[in-house]
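Working notes, beginning with the structure itself.
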Amino acid sequence: MASDQIRTRFAPSPTGFLHIGGARTALFNWLYTRRHEGTFVLRVEDTDQVRSTEESTQAILDAMTWLGLNWDEGPYFQAERVAIHREMVQKLIDEGKAYYCTCSPSELEAKRKKALTEGRKPKYDGTCRNRGLSRSPDAVVRFLCPEVGVTVMHDLIKGNISFNNEELDDLIIERADGYPTYNFAVVVDDAQMGITHVIRGDDHVNNTPKQIRIYEALGYEAPLFGHVPMILGSDKARLSKRHGATSVMAYQEMGYLPEALVKDLVRLGWSHGDQEIFTLEELVRKFSLEAVGKSAAVFNPEKLLWLNQQYIMAYPEEKLVEAMHPFWEKRVFDASNRRFISKVTADLRTRAKTLVEMADASAFYFQQEVEYDPAAAAKFLTPEYGSHLEAVVERISGIGDYTKDGLETFLRALAEERGTKLKWIAQALRVALTGKTISPGIDEVMVTLGKERVIERIERALARIGAGN
RNA sequence: GUCCCCAUCGUCUAGUGGCCUAGGACACCGGCCUUUCACGCCGGUAACCGGGGUUCGACUCCCCGUGGGGACGCCA
């Protein structure tokens, strides 16, 4: 098959936000498609008229966009294609490959429960299979599945998997409301959209043989399948809200960079030797389904956090500042001075694991009057340290070289002159300028704040010491 | 219960019969650097689920067991 003919799709159902697991599936599809220069189709599977919402559709599209997973076609909406689905259902009925069924949901449910308690597989018992029923208001359509033989799936990730056809059952392909069910619509749409590779979650493995039978009944050639293993939570149970944030956009709100999430997700199940850090281009070049593991992976938020920190450190300044704006705005910090915030981010980028942390840590740069941490003030805003601070204000206006290096030289000389260690002067200054004992390098802080504000803040600290508290 | 899948450090993983005294990364623990905190650097603890085979030789192949996950909807 020529690689330029590869067509893949991501087919979320709009019944919630884009989940970490869904995002990884989308990512694998995207990487595989870009790697082979194919076409990536986005199709929204909204045939569940009750649960599908437009907000969810938008949320999923937003998350895809944020992650950088652009699609080449779509989004197509499955519900808009019901006429086609019905036509195909009719075709199967006409050919005797599907039939109407009037078993009620409640009696089916009762039979299911009974089978389960009796230790049998809860499959449809075929009550209506040979009744020759015709269309009626609450009749559904069932697909006539062969009961003998074996259906094998050639999975690009898991290898060959075979199923005894007796395990399959006469699944419903059209509901009473006239809408197709998943297993049917997905086959019709994938076939008609020319999808060549279906890359989806592991949880679809058992649906595949049924779908293969439907492809066959409809006279379509089945695509190639690749089932990617699930993502589990720390207790090895399927990842859910219990394990923390699972929505992609929640990570944006928590101050994660899309690149970090993407790189974390890709390594969950896929690897390339010992390599840990990849550029997007490398990922596209090196990605392959053969290198995707077969076993489920536990999502590790700490590794994502580390990756996020790595990306914050390496991010181009322009992009970092842009990503930071919403977080500053939320805190009502005036981030309009480009030169200033550029220095702020430079000071903080090695000290923040998330943009939220960075925004919080940057507070003192923006505040008119710093808030003193009580313990820090108690220890360093004392007459003894105050004398160091006085010495600093006295000389500071005379410093010609007001730069990081110049200030460091100045402070070291001052410490020596006053017979103390630099760290004591630095800590006192730190509290006076930032309110805390933890901050970026004191010389960096002084440069970023600027001479005027440094003097103001030292004087305010001095006043506080003078007032005796 | 039935069917399907999976199984290397706590976690993500490398490993495709000898290169394994099992490698990397996160986390953790030491140390260095140092004006605090980070960053960075150096070092350490830590794993082949169990039992049978096959083979001169199994982490690697086969079988059984155990454990985990998934599926069994007029959800997708």
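Heavy-atom basis, side chains included; hydrogens, waters and symmetry copies ignored. Below, read A as the first sequence line, B as the second, and so on, with proteins coming before strands; counting in each chain starts at 1.
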Inter-nucleotide C1' distance (B:rU13, B:rU8), Å rounded: 9 Å

Proximity to the side chain of A:M230 - top-ranked nucleotide from B:rC74, B:rA76, B:rG70: B:rG70

A:R9 to A:F40, cation-pi by 6.0 Å centre distance and 45° axis angle: no

Nearest-angstrom distance, P atom, B:rC62 to B:rC74: 38 Å

Distance, P atom - from B:rA7 to B:rG15, rounded to whole angstrom: 13 Å

Test side-chain contact (heavy atoms from CB on, under 4.5 Å) applied to A:E371 - qualifying residues, sequence neighbours left out: A:Q367

Nucleotide opposite B:rU55 in a Watson-Crick or G-U pair, distances under 3.5 Å: none

Nucleotide forming a Watson-Crick or wobble pair with B:rA76, both distances under 3.5 Å: none

Got a list of protein N/O to nucleotides 29-35 of chain B N/O distances below 3.5 Å?
from	atom 1	to	atom 2	distance (Å)
B:rU35	OP1	A:R412	NH1	2.9
B:rU35	OP1	A:R412	NH2	2.4
B:rU35	O2'	A:R430	NH2	3.2
B:rU35	O2	A:R430	NH2	2.8
B:rU35	O2	A:I442	N	3.4
B:rU35	O4	A:D443	OD1	3.1
B:rU35	O4	A:D443	OD2	2.2

Residue A:N300, side-chain heavy atoms: nucleotide from B:rC39, B:rG10, B:rA71 that is nearest: B:rG10

A:D138: partners by salt bridge (charged side-chain N to carboxylate O under 4.0 Å, His left out), with sequence neighbours left out: none

Beyond-backbone contact of A:I173 with A:N183, side-chain heavy atoms, under 4.5 angstrom: no

Exercise: do A:K286 and A:Q275 side chains pair donor with acceptor under 3.5 Å: yes

Check: B:rA76 base within 3.5 Å donor-acceptor of A:N207 side chain: yes

Residue whose nearest RNA chain B nucleotide is more 5′ - A:R51 or A:G119: A:G119

Aromatic plane relationship, A:F225 with A:Y215 - under 30° parallel, 30 to 60° tilted, over 60° perpendicular: perpendicular

Members of residues 8-17 of chain A that approach RNA chain B, where some heavy atom sits under 4.0 Å away: A:S13

Aromatic centroids of A:F278 and A:W270 separated by under 6.0 Å: yes

Electrostatic pair A:E259-A:K319, nearest N-O below 4.0 angstrom: yes

Residues touching RNA chain B, which here means a heavy atom under 4.0 Å, drawn from residues 135-156 of chain A: A:V140

Salt-bridge criterion met for A:E147 and A:R129 (N-O under 4.0 Å): yes

Counter-base of B:rU35, judged by Watson-Crick or G-U geometry with both distances under 3.5 Å: none

Cation-aromatic face contact A:R86/A:Y179, 6.0 Å, 45 degrees: yes

Check: A:Y32 ring centre within less than 6.0 Å of A:H197 ring centre: yes

Salt bridge (charged side-chain N to carboxylate O under 4.0 Å, His left out) partner of A:D202, chosen from A:K158, A:R238, A:R24: A:K158

Strand contacts (RNA chain B) in residues 351-365 of chain A, 4.0 angstrom heavy-atom criterion: A:R351

Whole-Å C1' distance, B:rA27 and B:rU11: 8 Å

Residue whose closest nucleotide on RNA chain B lies nearer the 5' end, A:Q309 versus A:N164: A:N164

Any pair counted as side-chain hydrogen bond (donor to acceptor under 3.5 Å, both in side chains), so long as it reaches residues 290-305 of chain A, sequence neighbours left out: A:E276-A:K303

Any residue meeting salt bridge (charged side-chain N to carboxylate O under 4.0 Å, His left out) with A:E416, in chain and number order, not counting sequence neighbours: none

Options B:rU2, B:rC39, B:rG24, nucleotide nearest the side-chain atoms of A:M313: B:rC39

Pair A:F287 + A:F28: ring centers closer than 6.0 Å: yes

For B:rC26, the Watson-Crick or wobble partner whose two distances fall under 3.5 Å: B:rG10

Taking only nitrogen or oxygen atoms into account, show me every contact under 3.5 Å that the protein makes with nucleotides 59-61 of chain B, one pair per line with its distance.
none

Distance, rounded to the nearest Å, where A:E109 contributes CD and B:rC72 contributes P: 12 Å

Passing candidate, salt bridge (charged side-chain N to carboxylate O under 4.0 Å, His left out) with A:D443, options A:K404, A:R430, A:R412: A:K404

Positions of residues 269-278 of chain A (non-hydrogen atom under 4.0 Å from RNA chain B), listed by number: A:G269, A:S271, A:G273, A:D274, A:E276

Watson-Crick or G-U wobble mate for B:rC3, both contacts under 3.5 Å: B:rG70

Identified pairing partner of B:rC49, criterion: Watson-Crick or G-U wobble below 3.5 Å: B:rG65

Presence of salt bridge, A:D170 and A:K123, under 4.0 angstrom: no

All N/O contacts under 3.5 Å from nucleotides 63-68 of chain B to the protein, with atom names and distances to one decimal?
none

All N/O pairs under 3.5 Å across the protein-nucleotides 43-50 of chain B interface:
none

